[in-house]
Structure formats: C-alpha cells, structure tokens
Amino acid sequence: MTNETAPGGPMEFRTAGVIGAGAWGTALAQVCVRAGLDTTLQAREPQLVETLAATRANDLYLPGVTLAEDLKFTADLADLRDCDLILAVPPAQHMRGALTAFAPYHRAGVPVVLCSKGVERGTMKLMTEVLAETLPDAPAAVLSGPSFAGEVARGLPTAVTLACADPVLGQALLNTLSAPGFRPYLATDLIGAEAGGALKNVLAIACGVSEGRQLGRSAHAALITRGFAEMTRLAVAMGGQAETVAGLCGLGDLVLTCSSPQSRNMSLGLALGQGQTVEQALAGKRSVAEGYESAPAVRELAARLGVETPIAEGIAALLAGEITVDGLIDGLLSRPLKAERV
C-alpha cells in the first residue's frame with residue numbers, strides 16, 4: 001500500500017483484513033477476494049475458523065454460500081498487522097472492543113472501512129467516533145447501503161455508498177472494493193452515511209410490526225416515508241447532509257430493510273406484531289438485529305438534539321416494555337395533525 005498518491009499513480013491496496021466473521025463480514029470478505037485482494041477473515045472463535053477452513057462455508061451465519069478458495073481465516077488479530085486495508089464488521093455494540101483489541105497491531109495510516117450500522121449505547125456515538133477514539137491514526141471510511149449478506153456473497157448485483165472525507169483515499173477505496181456485482185458510489189459525508197444506516201434498522205422493526213399486525217400496504221408505505229423524514233432530520237441535526245440520506249445509504253437501505261422478512265430487524269418487528277414478546281422474538285437468534293441494540297441510543301440521541309423521531313421513539317419504548325404494540329399504533333395515529341414536512 002502507498003499512503004500518499006504516488007507520482008503517476010494512485011494509492012494501491014493489495015491485502016485486506018476483515019474483522020468479524022458474521023454474515024456481513026463473510027460476504028464482504030468474498031467481495032474483497034473478487035476484487036483481487038489477498039484477504040484474511042478474522043473470527044473470534046477458533047472453532048469457527050477451523051470449520052471455515054475445512055468446509056469453505058460459514059453455515060453458522062451465512063448458509064448456502066461456498067467461500068472463495070483464496071480466502072484465508074484466522075482467530076488472531078495479529079495476523080492482520082500487515083494488511084493494507086481493514087474492514088471492521090463486528091456488531092456495532094462490539095465495535096469498540098474489537099478495535100481496541102486490534103489497536104496493538106494497527107499500523108498508522110492504514111485505512112479502516114467501517115461496515116457496521118448503529119449507535120453505541122451509553123455514549124450515543126457513531127462508529128466513526130468510536131474509531132477516532134480507539135485508532136486515532138486510522139483514516140476512516142464508511143460502507144453502507146441496501147445489501148443483504150447472502151446476495152452480496154453470491155455476487156448478485158448490489159450498489160452501496162462508500163463515504164470518505166479524503167477524496168483521494170475515497171477514490172482509491174472505491175477502485176479497490178469495486179468487484180463483479182458490487183458497485184460502490186463515492187460520498188464525502190460520513191455522518192450522513194452513518195446516520196442513515198443506524199436509524200433504518202430501528203425503522204425496519206416498525207415496518208415489521210405493521211406487517212405482523214396486517215395493517216396493510218398503505219400503512220407500510222407511510223412508515224417508510226415518515227421514517228425517512230425522521231432519518232433526514234436526525235442526520236442533519238448531527239451534521240450530515242440531507243442529500244446523502246436521500247441516496248443508497250439512507251433511502252435505499254431503508255427501502256430494502258423495511259421490505260423483506262430477510263431483514264433481521266424487520267423479522268423481529270414481524271414477530272412482535274404477531275404477538276411474541278421481545279424475549280421470544282430474540283430467542284435462538286445468532287445474528288444480531290442491530291435495531292434492537294441501537295433503539296435506546298437513537299431515542300436518547302434524538303432527545304439530546306431536540307429532534308422529533310416518533311416512530312423510532314415508539315419502537316424504543318416497545319422494545320423496553322414501556323408500551324404495547326397497540327399502544328405504539330395508537331400513539332402514532334393520535335399525534336397532532338400538521339403539515340407534511342421533513
């Protein structure tokens with residue numbers, strides 16, 4: 001890797017380390033291999049690493065996908081010390097721990113692409129803020145957009161946003177991560193990209209509740225539209241740009257996540273709408289529904305910023321056991337009538 005633009009040529013990345021071997025981390029490792037990068041996927045569990053290497057499959061998190069022959073696996077973060085590029089893909093609530101553990105092996109100037117969506121509970125910080133505190137010498141980028149891990153892993157057409165404040169680094173990352181079936185679009189607004197990705201998971205739970213209660217397609221469309229307004233208001237209040245949220249990392253991701261039970265967050269809401277308790281809906285789930293983890297932080301963050309987010313606030317209250325599904329629906333429908341605006 002070259003950390004500066006070389007005379008006559010751009011930055012080059014040849015090796016990638018992917019932290020986190022869940023469904024999304026595994027899918028992105030597949031993308032890196034298809035993009036021509038020498039790629040190592042790190043998992044916390046040594047037993048999972050052995051299984052991945054022996055079977056070339058991650059049936060635990062991404063069943064039905066054959067992993068690339070060139071993909072390497074490790075349980076030791078030290079094995080990523082020589083990588084030119086790091087993709088950080090642990091669940092948002094575990095991002096700080098993962099990056100802190102990787103800190104002794106990170107070389108100053110090696111970019112970290114943040115691929116997890118959420119707001120950290122307790123601190124109400126976005127993943128870029130967590131990165132700045134744990135790896136202050138790491139140039140940051142954010143990868144977000146409408147993408148189901150299984151489809152990405154199999155090479156089905158997917159378009160995402162890659163946000164990076166440094167346009168030169170951003171273009172280099174764009175060129176590096178572009179692969180057959182995987183098309184990133186460049187943006188410079190990291191906050192907008194992160195805010196859209198974090199809030200859409202909470203809103204997807206609301207759409208799942210609507211589906212579970214069979215409230216109809218009109219209600220579903222209303223939730224997506226008014227949820228998008230909440231997403232935009234919150235992103236702008238945090239310093240992001242409305243135009244970013246109107247792209248793949250905001251509206252695009254919202255539409256996908258709110259439109260298919262394949263979404264972990266929507267499936268959680270679907271179960272709640274059908275009468276299950278939160279505990280029942282989460283029981284036996286290996287993959288994390290980020291909206292469940294982020295909802296309390298989103299509610300607290302919106303309150304701190306003075307931003308109205310009634311759908312997200314209602315979902316946070318529902319998940320905390322403060323209201324019932326009927327209470328959520330009645331609360332949204334009985335809000336004061338007013339002009340439609342973002």
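Computed from a prediction, not measured in an experiment: that's the story for all the values here. Only heavy atoms go into these numbers, but all of them, side chains included; no hydrogens, no water, no symmetry mates.
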Taking Glu230 for the side chain and Val307 for the main chain, is one N or O donor matched with an acceptor at less than 3.5 Å? no

Tell me, please, which residues at least two apart from Arg121 pass salt bridge (Lys or Arg N to Asp or Glu O under 4.0 Å). Glu293

Strictly below 4.0 Å, N to O, side chains only: are Lys117 and Asp253 in salt-bridge contact? yes

Are the side chain of Thr134 and the backbone N or O of Thr100 linked by a donor-acceptor pair below 3.5 Å? no

Can you tell me how far SG of Cys32 sits from CG of Asp38, rounded to the nearest 0.5 angstrom? 10.5 Å

Are any side-chain N or O atoms of Asp189 and backbone N or O atoms of Gly240, one a donor and one an acceptor, separated by less than 3.5 Å? no

Over 60° means perpendicular and under 30° means parallel, so classify the ring planes of Phe102 and Tyr105, tilted if in between. tilted

Any donor-acceptor N/O pair, Arg44 side chain to Ala21 backbone, under 3.5 Å: no

Can you tell me how far apart CD1 (Ile205) and SG (Cys258) are? Round to the nearest 0.5 Å. 10.0 Å

Short side-chain to backbone donor-acceptor contact, Arg96 and Val130, under 3.5 Å: no

Side-chain donor or acceptor of Arg226 paired with backbone N/O of Glu340 under 3.5 Å: no

Distance check, rounded to the nearest 0.5 Å: Thr158 atom OG1 versus Glu151 atom CD? 6.5 Å

Check the pair Asn58 / Thr26 against side chain to side chain donor-acceptor pair (under 3.5 Å), numbers first and verdict last. CA-CA 8 Å; Asn58 190 348; Thr26 304; 2.9 Å; yes

Going from OG1 on Thr257 to CG on Leu199, what distance comes out if it is rounded to the nearest 0.5 angstrom? 11.0 Å

Salt bridge or not for Glu322 and Arg299, using N-O below 4.0 Å? yes

Do His94 side-chain atoms and Ala98 backbone N/O form a donor-acceptor pair below 3.5 Å? no

Donor-acceptor contact below 3.5 Å, side chain Ser178 vs main chain Leu174: no

Please confirm whether the backbone N or O of Gly291 pairs with a side-chain atom of Asn265, one donor and one acceptor, at under 3.5 Å? yes

In this structure, would Leu305 and Ile315 fall into the same cluster of hydrophobic residues linked by side-chain contacts under 4.5 Å? yes

Side chain to side chain donor-acceptor pair (under 3.5 Å) against Arg81, all qualifying residues, sequence neighbours excluded: none

Does Gly216 offer a backbone N or O that forms a donor-acceptor pair with the side chain of Ser218 under 3.5 Å? no

Distance check, rounded to the nearest 0.5 Å: Glu194 atom CD versus Thr128 atom OG1? 3.5 Å

For the atom pair CG (Leu256) and CG (Leu248), what is the distance rounded to the nearest 0.5 Å? 11.0 Å

